[in-house]
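So the structure is just underneath, and the comments pick up after that.
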Amino acid sequence: IKNNSSLVSDINIYPNPVNTNLTISLGSSLKANNTDISIMNVLGQSFNQSITKLDNLIQVNTESLATGNYVILIKNMATGEVVYKKVIKE
């Protein structure tokens with residue numbers, strides 16, 4: 001997956017690998033309430049998870065996800081830019 005967005009360096013995801021709660025830290029150029037988050041597995045299946053948005057932080061409960069590799073899609077709703085981040089669920 002290749003990111004062509006200027007937002008890539010502004011977004012950090014931790015911990016990775018994750019067990020129960022994933023944190024997405026957004027840079028100063030992006031606010032949590034102006035983002036859309038999607039979680040997909042390697043087969044392209046989308047998963048609905050409990051997501052909490054707090055200013056520049058997003059918390060994702062990953063407890064119900066099976067062990068494996070996932071892709072987090074972070075979309076800036078104002079510009080349409082999308083950032084892809086790989087995550088491993090343990």
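The nearest pair of heavy atoms linking Asn56 to Gly27 is ND2-O, 2.9 Å. Heavy-atom minimum distance, Lys89 versus Glu63: NZ-O, 4.1 Å. Taking both residues in full, the closest heavy atoms of Asn16 and Ile88 are given as OD1-N, 2.9 Å, listed atom of the first, atom of the second, then distance. When all heavy atoms of Asn34 and Leu30 are compared, the pair lying nearest together is O-CD1, 4.5 Å. The heavy-atom pair separating Lys53 from Ala32 by the smallest distance is CD-O, 3.2 Å.
Using modelled atom types, no side-chain atom of Lys85 and backbone atom of Ile24 make a donor-acceptor pair closer than 3.5 Å.
Residues Tyr84 and Met40 share a single hydrophobic cluster, defined by chaining ILVMFWY side chains whose heavy atoms lie under 4.5 Å apart. Linking Ile, Leu, Val, Met, Phe, Trp and Tyr residues whenever their side-chain heavy atoms come within less than 4.5 Å leaves Ile37 and Leu57 in two separate clusters.
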Check residues 72-79 and write down every donor-acceptor pair under 3.5 Å in which the side-chain atom is one partner and the other belongs to a residue at least two apart or another chain.
{"from": "Asn76", "atom 1": "OD1", "to": "Ala78", "atom 2": "N", "distance (Å)": "2.9"}
{"from": "Asn76", "atom 1": "OD1", "to": "Thr79", "atom 2": "N", "distance (Å)": "3.4"}
{"from": "Asn76", "atom 1": "ND2", "to": "Thr79", "atom 2": "OG1", "distance (Å)": "3.3"}
{"from": "Thr79", "atom 1": "OG1", "to": "Glu81", "atom 2": "N", "distance (Å)": "3.2"}
{"from": "Thr79", "atom 1": "OG1", "to": "Glu81", "atom 2": "OE1", "distance (Å)": "3.3"}

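Rounded to the nearest 0.5 Å, atoms OG (Ser46) and CD1 (Ile39) are 8.0 Å apart. Annotation: the span from Leu54 atom CG to Thr23 atom OG1 amounts to 9.5 Å, rounded to 0.5 Å. Atom CG of Leu65 is separated from atom CG of Asn19 by 11.5 Å, given to the nearest 0.5 angstrom.
For the pair Leu26/Asp10, no side-chain contact is recorded, criterion being any heavy-atom separation below 4.5 Å from C-beta on.
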Inset, instruction - Verify side-chain hydrogen bond (donor to acceptor under 3.5 Å, both in side chains) between Gln49 and Thr62, making sure each step is shown before the conclusion. - result: CA-CA 7 Å; Gln49 298 304 119; Thr62 59; over 6 Å; no
